[in-house]
Asks: 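Encoded as structure tokens, here's the structure I'll be asking about.
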Amino acid sequence: MKNKKITRKITQGMYVLTTKNGGCLVDAVSQISSGDNPLIAVSVMKKNNTHELMKQNDRFAFSVIGLDVDSDIIETFGLKSMRDIDKFQDVKTIKVEGIDIIKDSLGYMICEKIDSIENETHTLFIGKLIEADVFKDGEAMSYGYYQDHKDDLIKVRTESGKTAWICTVCGYVYYGDHLPDDFKCPICGVGSDMFKKKCVSI
């Protein structure tokens, strides 16, 4: 493969995917049917804690992220794991159908899970839309916009005196003098070629 950065041109929206007890930032979301209760699909990495929760629960939700979203939401749901912190502790949410919805969003969609399709690294979850609402007007953030403005949206914090390798896709930080050639980002799954070295802390 010569340059898989071209896949960033397959631009989609940015969403906070939530289900009972967890959630994460996603972009691989598609409406795959129409009608009164359209089907919506989302791809979730198997290494992600949210993947485990999606397997356990029957319902999930999308909070649609706007261009004016608080960058802390991007950092919390994009770079951190519920295995380590409670992502909802410092984020304002409302409960709809028992699922946390991000208040600082354009609106939400709640789906009832009806099917799933697995491949080696991800599972495609398919849900039937059962509830939705619009909080405010605004332009939804696209994956292309996220990539173009990621440095502003994610304030990468590195530790003083340590060599950091920063994932150029999601912002994950790996510490060490050398990054293994076979290293895979635990957040977004990209390889070592998608990391850049940073020796001075921000």
Side-chain angles (χ1 to χ4, degrees), residues 1-19 22-33 38-51 53-54 60-82 87 91 101-111 116-117 119-127 129 132 134-156 166-173 184-196:
M1 185 177 293
K2 291 184 178 179
N3 191 344
K4 61 184 176 184
K5 288 183 179 180
I6 190 62
T7 59
R8 298 181 185 180
K9 300 302 181 182
I10 307 174
T11 187
Q12 300 159 116
M14 298 298 295
Y15 309 85
V16 174
L17 167 68
T18 50
T19 189
C24 65
L25 191 70
V26 295
D27 66 276
V29 176
S30 298
Q31 180 177 332
I32 58 175
S33 76
L39 298 182
I40 299 177
V42 57
S43 180
V44 183
M45 182 182 292
K46 290 184 175 181
K47 292 181 180 179
N48 198 310
N49 183 57
T50 302
H51 180 273
L53 299 175
M54 290 285 284
F60 57 90
F62 303 102
S63 297
V64 182
I65 299 303
L67 295 182
D68 61 349
V69 69
D70 186 335
S71 61
D72 285 344
I73 292 175
I74 299 290
E75 182 179 352
T76 297
F77 286 91
L79 297 182
K80 298 177 181 179
S81 173
M82 287 289 287
K87 293 185 180 182
V91 176
I101 303 297
I102 307 300
K103 288 188 70 174
D104 184 15
S105 65
L106 302 183
Y108 66 87
M109 297 169 278
I110 295 183
C111 296
S116 62
I117 302 170
N119 66 22
E120 183 179 352
T121 61
H122 291 67
T123 298
L124 184 71
F125 295 96
I126 302 171
L129 185 66
V134 176
F135 290 152
K136 61 182 179 180
D137 290 329
E139 186 175 351
M141 183 183 295
S142 70
Y143 180 67
Y145 179 94
Y146 170 78
Q147 287 295 337
D148 290 341
H149 299 85
K150 187 168 53 198
D151 289 344
D152 295 324
L153 292 168
I154 299 176
K155 306 301 182 184
V156 177
I166 301 172
C167 177
T168 59
V169 174
C170 73
Y172 174 80
V173 180
K184 300 288 185 182
C185 178
I187 300 295
C188 68
V190 299
S192 59
D193 59 318
M194 300 298 285
F195 280 71
K196 64 179 180 181

Asks: Ring-plane angle category for F62 and F60, please: parallel below 30°, perpendicular beyond 60°, tilted otherwise.
Replies: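 Perpendicular, since the angle between the ring planes exceeds 60°.
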Asks: Provide the closest heavy-atom pair for M194 versus V190 in the form atom of the first, atom of the second, distance.
Replies: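 Reported closest heavy-atom pair: CB-CG2, 3.6 Å.
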Asks: For G78 and L25, which heavy atoms make the closest approach, and how far apart are they?
Replies: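 Of all heavy-atom pairs spanning G78 and L25, the closest is CA-CB, 3.8 Å.
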Asks: Would you say the side-chain atoms of S33 pair up with the backbone N or O of L39, donor to acceptor, closer than 3.5 Å?
Replies: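 At least one qualifying donor-acceptor pair exists.
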Asks: Nearest 0.5 Å please: distance from the CD atom of E139 over to the CG atom of L67.
Replies: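 Reported value, rounded in 0.5 Å steps: 4.5 Å.
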Asks: Using a 3.5 Å distance criterion without hydrogens, assess whether the side chain of D104 forms a donor-acceptor pair with backbone atoms of D70.
Replies: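 Flag set: sc D104 to bb D70 pair under 3.5 Å.
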Asks: Spell out, as yes or no, whether a donor-acceptor pair under 3.5 Å connects the side chain of K46 to the backbone of N119.
Replies: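 At least one qualifying donor-acceptor pair exists.
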Asks: How close do K87 and M82 get, heavy atom to heavy atom, and via which atoms?
Replies: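 For K87 versus M82, the nearest heavy atoms are N-SD, 3.2 Å.
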Asks: Can you tell me how far the CD1 atom of I32 sits from the CG atom of L124, to the nearest 0.5 Å?
Replies: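 One gets 7.0 Å once the value is rounded to the nearest 0.5 Å.
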Asks: I want to check something: taking the side chain as every heavy atom from C-beta on, are S30 and Q12 in contact at a cut-off of under 4.5 Å?
Replies: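 When only atoms from C-beta onward are counted, Q12 and S30 do touch, with a gap below 4.5 Å.
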Asks: How far apart are the closest heavy atoms of C185 and F195, and which atoms are they?
Replies: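 Answer, listing the atom of C185 first, then F195: CB-CZ, 3.8 Å.
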Asks: Test side-chain contact (heavy atoms from CB on, under 4.5 Å) on Y146 and I65 and set out the steps.
Replies: CA-CA 11 Å; Y146 170 78; I65 299 303; over 6 Å; no
Asks: Under 4.5 Å between any side-chain heavy atoms of K47 and T121, yes or no?
Replies: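 Heavy-atom side-chain distance check fails, nothing below 4.5 Å.
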Asks: Minimum heavy-atom separation for I101 to S63, with atom names?
Replies: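 I101 and S63 have their closest heavy atoms at CG2-OG, 3.5 Å.
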Asks: Let me confirm one number: the OG-NE2 distance from S116 to H51, rounded to the nearest 0.5 Å.
Replies: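 Going from OG on S116 over to NE2 on H51, the span is 8.0 Å.
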Asks: Report, as yes or no, whether the 6.0 Å neighbourhood of atom NZ on K196 holds more than 12 heavy atoms from other residues, nucleotides or ligands.
Replies: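 No.
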Asks: Using a 4.5 Å cut-off on heavy atoms from C-beta on, say whether the side chain of V42 contacts that of V29.
Replies: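 With C-beta onward as the side chain, the pair touches.
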Asks: Between atom CD1 of I110 and atom OG1 of T18, what is the distance when rounded to the nearest 0.5 Å?
Replies: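 If I round to the nearest 0.5 Å, the distance is 7.5 Å.
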Asks: Check the pair M54, L17 against side-chain contact (heavy atoms from CB on, under 4.5 Å), reporting the backbone distance first and the verdict last.
Replies: CA-CA 10 Å; M54 290 285 284; L17 167 68; 4.2 Å; yes
Asks: Is the shortest heavy-atom distance from the side chain of H149 to the side chain of M141 under 4.5 Å?
Replies: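 They are not in contact (no side-chain heavy atoms under 4.5 Å apart), so the answer is no.
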Asks: Return the CZ to CG distance between F135 and L106, rounded to the nearest 0.5 Å.
Replies: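 If I round to the nearest 0.5 Å, the distance is 10.0 Å.
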Asks: Can you give me the closest heavy-atom contact between M45 and G189, atom names plus distance?
Replies: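 The answer is CE-N, 3.2 Å.
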Asks: How long is the straight-line distance from CD1 of I117 back to NE2 of H122, given to the nearest 0.5 Å?
Replies: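 Result: 14.0 Å between the selected atoms.
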